[in-house]
Each structure stands twice: as C-alpha cells, then as structure tokens.
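Each chain gets a letter, A, B and so on, in the order the sequences are listed, and its residues count up from 1.
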Amino acid sequence: MIVTVASGKGGTGKTTITTNLALALQDFMSVQVLDCDVEEPNVHLFLNPKINNEKEVSIPVPLVDETKCNNCGKCGDFCAFNAIAVVGDKVITFPEMCHGCGGCTIVCPSGAITEKENRIGVVFSGNAGKLDVSYGKIDVGVPLAPPLIEAVKELNENDCLTLIDAPPGTSCPVVAAVKDSDFCLLVTEPTPFGLNDLKLAVGMVRELGIPFAVVINRSTLGDTRVERYCQEEGIPVLLKIPFDKKFAATYASGRCLIQDYPEWNEAFINLWKEIERRVQQHAGATSN
Amino acid sequence: MQELLVISGKGGTGKTSLVASFAALAQNKVLADCDVDAADLHLLLEPQKEKINKFYGSKKAVINSDKCINCGRCLRLCRFDAIKNNENSYRVNPIYCEGCGVCEFSCPVNAINMKPNLSGYWYISKSTYGPMVHAQLGIAEDNSGKLVTVVRQAARELAEQEGLELIIADGPPGIGCPVISSMTAVSLALVVTEPTVAGWHDMERVIQLAKHFNVPVTVCINKYDLDMQKSQQIEEYCLKQGIEVVGKIPFDEGVAQALAGAKPITVASNGKAAKAIKSIWSNLYARLKNKTN
C-alpha cells in the first residue's frame with residue numbers, strides 16, 4: 001500500500017508525520033520510506049539511514065551529429081521546451097531545458113540527432129534499523145524534478161507499506177509524487193496560509209481521485225477556520241498535534257517526536273488504523 | 001531598478017510573513033508573488049484585482065476518436081505515460097501530458113491535435129501597500145517557471161510605468177524550476193531560515209543555487225531563539241561562506257495572532273518580532289540603496 005504525505009503549504013510538518021508514522025509502525029509491518037521532495041529532501045536528516053546504494057538518474061537529451069545536420073531547423077521548430085535551436089550553421093542544445101520527449105530525433109529528416117544521457121540527480125537507498133529509506137536529491141541548478149521523483153518511486157516494493165514524503169505545492173512535482181497512491185494525508189496548520197493552501201491541495205487530490213484526510217499540526221497556534229472548512233467539506237481530520245516549544249526543540253535537533261515523547265506512539269498507530277480502514281472502504285466502494 | 005527576492009529552500013520558514021511586513025515598511029515599490037503554485041501573499045495584503053490575465057502553459061494533446069485507427073503508435077512513443085488504451089479507445093490523460101507534440105507529429109492519420117491549455121491566471125492589482133503582481137497556477141498544472149517569468153516581467157513593466165525603483169518578490173520553496181525562474185538576475189536574494197536541521201540543510205542547498213546563478217545572497221534566521229546553539233552554528237556557517245546574516249527574528253506568539261488576523265506583522269504588532277523585522281528591513285534597504293549608487 002502506498003500512503004503519500006503532502007501539504008500544499010511548505011513547512012507544515014510533512015516530514016514529521018512521515019517519519020513518526022514510519023517509526024511507530026516499524027515493529028508491526030515492513031515499512032519503506034521514499035522521500036520524493038527531491039529539491040529539499042529532509043527525511044534522511046531524521047531517520048539517518050545507512051546508505052548502501054547510490055544511483056545516478058539521467059534523462060535522454062539530444063546529441064547532434066554536425067556532419068549529418070543540414071541546418072533545416074525542424075528540431076528547433078518542433079521542440080516545445082526551447083531545448084534545441086539552429087542558429088546560423090550551428091545547432092545549440094540546452095540540456096537543462098529538455099524534458100526528454102525524443103521529438104527532435106523523430107522530426108530530424110537527416111538522422112542527425114540521437115540521444116545521450118544527462119544526469120539530473122541521485123537516488124540514495126539504505127536502512128535505518130528496520131526501515132527501508134530512499135531519497136532523491138536533484139542536482140543544484142536542474143529545474144526538472146518529476147523524472148527523479150519517478151526514479152525514487154520505482155523503488156516501491158509491493159509487499160510492504162510505502163510512505164512517500166511529497167514536496168510542497170500542487171504542481172507537477174507534487175502530482176508526480178502523489179499519483180498512484182492508495183491514500184493521501186494532507187498536513188496543514190490552522191493559519192490563513194495553511195487553509196488557503198489546503199484548499200488547493202484538496203483540489204489536487206480530488207482531481208487525481210485519491211482518498212485523503214487531514215492532519216493539523218501546531219493545532220493550538222491559530223484559529224478554527226481549517227477545522228470548520230474540513231467539517232463543511234466532510235474531510236476527516238485524523239490527527240491534531242498541538243504547538244509545544246518542547247516539540248519544536250525535538251524537531252530542531254533532528255529527532256522524531258515519538259523518540260522523545262513515546263506517549264505519542266499510540267496516536268500514530270491510531271492514525272495508521274484510520275488510514276487502513278479508509279483505504280479498505282474506498283476499495284470496497286470502487287469495486288462495487 | 002532593484003529586485004529583492006525572498007526565498008528559503010524549506011517551506012514554512014516565514015517568507016510570506018516577512019515580505020508582507022517589508023511591503024508595509026518600504027516606499028515606492030512593486031510587490032510580486034512568485035510562488036504561483038501556492039500563492040499566499042494576497043491573504044495579508046488583500047489586493048484588489050485591476051487586470052485579470054489568462055495564462056496558457058504547455059499545450060495538451062487531444063485525440064479525435066472518429067479519426068483514430070487504434071494503431072497504438074502514440075502510446076508507444078509517449079514517454080510521459082500520458083496515453084492510455086481502454087478497450088481499443090485511445091485517450092490522453094491531460095495531467096500527465098507535457099505538451100511535447102510527439103504524438104501529434106507521429107499519428108499516421110492526423111487524429112491528434114495539440115490544443116492550448118488555460119493553466120492559470122495572473123493579476124495586476126492595487127493594494128494598500130502599493131501595486132502588486134500575482135498569479136494562480138491551476139491545480140495539478142505544469143509550467144510554474146514560465147508563469148513566474150510572466151509575473152516578474154509584468155512587475156518590471158509596472159515599476160517602470162509608475163517610476164518605482166524597487167521590486168519585492170515572495171519566492172517559492174525548493175530549488176527547482178519556479179525558484180530558478182524567480183532568481184535569475186535579481187539584485188539580492190534574502191534566504192529566510194530557521195534553526196532546525198532541516199532549515200539549515202535546505203538553506204545550504206538554496207545558497208548553492210544562488211551561487212550557481214551568481215545571485216548575491218543574505219540570510220535571516222527566523223525564530224532564532226528556539227535553538228540558540230543551532231542559530232549560532234548557522235551564523236558561523238554564513239560567516240565562512242562570506243554571507244552576511246542581515247538579522248535574527250525571535251519567536252513571538254504575536255506573529256501567529258497577526259497572521260490569524262491576516263495582517264502584516266509590523267502592522268498588527270509592536271512586539272519583539274516586529275521590531276526585529278523593522279531592523280532587518282533597514283539593513284536590507286541600505287544594502288539595496290548602496291547598489292544603486
């Protein structure tokens with residue numbers, strides 16, 4: 001089963017929920033954590049996995065054979081991403097703009113374009129105790145995150161619980177992380193920003209047709225509008241974590257809530273039970 | 001003209017709260033919200049939209065099923081998994097389609113067309129704190145970088161028209177496509193961090209990005225007193241990197257109250273966070289002013 005933790009707004013506590021849920025469940029089942037926030041991966045800072053595998057990820061970009069090129073310019077006209085252009089009698093490529101669609105190799109009438117691999121980042125895999133932990137790290141300056149996110153998700157094992165930590169926002173990297181999930185947890189905070197961005201995130205998971213619920217972090221540091229919104233929309237709120245300077249200090253130091261405050265263990269196990277129940281309910285509803 | 005961009009790497013460190021306060025403190029400026037994906041600055045500045053513009057991102061493929069002969073060529077060539085075959089009916093999933101046009105080009109019976117796709121809106125607005133350019137990317141849409149470029153261009157034009165010398169921009173989290181579009185050629189990037197392992201780690205990544213694009217950087221530490229030791233370490237790191245720490249903001253419950261009331265901190269409160277922000281702004285302003293002279 002794949003459960004993704006997303007948020008809309010950044011800094012609401014996605015990584016807190018992902019890591020604590022993983023730690024709370026590790027004694028009951030095999031759990032795999034995939035950090036798909038490849039721009040700013042943070043899960044490894046809290047779980048400290050021992051890395052035993054590093055895999056470079058690349059996408060195919062054009063490689064032009066100047067001896068075959070007749071400067072017709074069809075590649076540049078075709079490319080939707082401005083990644084290749086004919087200027088005078090030279091073909092210039094911009095690999096950082098390329099999405100790797102392969103279109104230029106198809107439209108080139110003289111067979112002058114083949115493809116080479118262009119590195120965009122690295123996927124790290126390892127273990128933290130019983131947990132399998134993997135994360136992607138995009139190379140600084142590379143704009144295209146989704147192919148690296150896909151590469152992290154390819155490590156998904158079927159016979160365990162996979163927890164995915166998604167990037168903030170609602171655009172293409174988030175969709176890449178959230179799609180194909182069985183359930184999505186949306187983490188928010190009770191502020192106007194939290195509410196606004198939660199609404200956007202709800203729009204996204206609804207569009208993808210994934211069952212979801214909300215977790216409210218720092219629930220005592222704001223107002224009740226988020227809860228009211230969830231009530232009106234019939235969105236279940238599965239967990240509330242109050243603001244506490246002690247919890248903030250735990251987080252700041254790179255430790256997990258349930259490591260310092262084991263009384264929170266049960267809350268995360270209950271969170272999992274609620275998720276599992278809802279996934280089964282959803283599966284039942286869609287198969288009927 | 002000077003462009004100040006506020007970024008952080010990690011989300012939720014306080015970018016928008018700071019920008020809103022700068023908006024209240026600065027004179028003669030245009031405000032720009034470059035976080036087009038989850039735009040929040042408008043919640044504090046309450047701009048009135050004067051001009052609403054449509055944003056067309058990448059085109060999307062559409063298959064005409066009357067013409068389609070079910071040859072499956074499009075499905076084989078699409079590298080984005082955007083074409084699905086359900087009982088011999090080929091369809092495009094617009095969420096996965098990146099608009100490359102390979103399927104349109106390759107279809108032997110011209111059954112596929114690339115159609116323009118309304119991906120969002122951008123606005124020119126008036127606020128109590130000055131003119132503002134902002135946007136909203138549609139849900140699950142791509143091309144946030146392109147929309148950021150549109151917002152920045154419009155902000156520059158607006159500043160020129162109105163004879164304003166400064167643009168203050170709220171940036172997106174992360175270090176990817178929309179951050180790169182927000183950052184290229186700005187006068188100064190302010191990185192807002194917090195004294196946590198994640199805040200620090202993500203700050204380092206976004207500083208690397210700024211260096212990659214030769215953008216001058218300065219740092220401010222928000223809620224610095226939640227972990228004095230880590231704040232100290234961040235300051236030492238910045239010193240080593242030759243980066244100025246332009247100020248530190250203490251944790252202040254008044255901030256949450258100001259936000260709950262949807263007001264910039266320096267407008268709603270006179271507490272210790274507001275005081276620190278005022279001092280940060282005067283430091284930043286001096287630095288930007290120096291650049292102009």
Side-chain angles (χ1 to χ4, degrees), chain A residues 7-13 15 37-40 42 45-46 60 78-81 99-103 106-107 138 140-146 167-175 179 189-193 196-197 200-201 203-204 207-208 218 221-223 243 245 248-249 251-254, chain B residues 8-13 16 37-40 43-44 58-59 77 79-80 95-96 98-102 105-106 114 137 139-145 172-181 194-199 201-202 205-206 208-209 212-213 223 226-227 230 251 253 256 259-260 262:
Chain A
S7 72
K9 176 166 163 35
T12 54
T15 304
D37 186 354
V38 300
E39 293 174 38
E40 297 288 20
N42 285 159
L45 302 173
F46 294 87
F78 179 82
C79 181
F81 313 108
H99 285 218
C101 73
I106 297 171
V107 300
I138 201 158
V140 168
V142 173
L144 197 69
T170 61
S171 66
C172 42
V174 188
V175 171
K179 70 181 184 188
E189 59 180 32
T191 65
F193 302 159
N196 184 65
D197 299 355
L200 299 172
M204 176 201 60
E207 188 148 334
L208 293 172
R218 295 187 284 266
L221 210 62
D223 55 49
F243 175 77
K245 274 197 177 182
Y251 174 81
S253 67
Chain B
S8 64
K10 178 168 163 34
T13 58
T16 304
D37 188 353
D40 282 342
L43 298 170
L44 298 184
S58 54
K59 292 180 176 177
L77 286 172
R79 290 186 178 172
F80 307 108
I95 294 181
Y96 295 1
E98 300 205 8
C100 67
V102 164
F105 181 84
S106 308
M114 301 304 294
L137 190 67
I139 283 163
E141 291 286 351
D142 48 15
N143 270 296
S144 55
I175 63 163
C177 155
V179 184
I180 292 170
S181 295
E194 59 181 29
T196 65
V197 287
H201 170 270
D202 296 359
R205 299 257 291 162
V206 82
Q208 281 170 25
L209 186 74
H212 184 88
F213 288 103
K223 304 179 203 163
L226 284 185
D227 190 332
K230 201 146 269 118
F251 178 78
E253 302 233 354
L259 293 183

What is the distance from atom NE2 of His99(A) to atom CZ of Phe80(B), rounded to the nearest 0.5 Å?
7.0 Å
Below 4.5 Å from any heavy atom of chain B, which atoms of [X] appear? Answer side chain, backbone, both or neither.
X         : result
Tyr251(A) : both
Val38(A)  : backbone
Val175(A) : side chain
Ser171(A) : both
Pro192(A) : both

Residue selection (most heavy-atom pairs with chain B, distance under 4.5 Å) from [options]:
options                                   : result
Arg218(A), Glu189(A), Lys245(A)           : Lys245(A)
Pro60(A), Cys101(A), Cys172(A), Ser253(A) : Cys101(A)
Asp223(A), Thr15(A), Leu200(A), Asp37(A)  : Leu200(A)
Thr12(A), Ile106(A), Val142(A), Leu144(A) : Ile106(A)
Phe46(A), Phe78(A), Phe243(A)             : Phe78(A)
Gly100(A), Gly103(A), Ala145(A)           : Gly100(A)

Atom of Pro168(A), atom of Gly10(A) and distance for their closest heavy-atom approach
CB-CA, 3.6 Å
Measure across Ala38(B) and Gly8(A) and return the closest heavy-atom pair with its distance rounded to 0.1 Å.
CB-O, 4.3 Å
At a heavy-atom separation under 4.5 Å, does [X] approach chain A through its side chain, its backbone, both, or neither?
X         : result
Ile180(B) : side chain
Lys230(B) : side chain
Leu209(B) : both
Ile95(B)  : side chain
Ala260(B) : both
Pro195(B) : backbone
Glu98(B)  : both
Ser181(B) : neither

Asp202(B): which residues meet the side chain to side chain donor-acceptor pair (under 3.5 Å) condition with it, sequence neighbours left out?
Asn42(A)
Does any part of the side chain of Lys10(B), heavy atoms only, come nearer than 4.5 Å to the side chain of Val206(B), both counted from C-beta?
no
Does the side chain of Ser58(B) reach to within under 4.5 Å of the side chain of Asp142(B), using non-hydrogen atoms?
yes
Report the option among [options] that has the most heavy-atom pairs separated by less than 4.5 Å from atoms of chain A.
options                                  : answer
Leu259(B), Asp227(B), Val197(B)          : Val197(B)
Leu43(B), Leu77(B), Leu44(B)             : Leu43(B)
Ser144(B), Pro173(B), Gly9(B), Ala256(B) : Gly9(B)

For Gly199(B), does its backbone N or O pair with a side-chain atom of Glu194(B) as donor and acceptor, under 3.5 Å?
no
Do side-chain atoms of Arg205(B) reach the backbone of Glu39(A) as a donor and acceptor pair under 3.5 angstrom?
yes
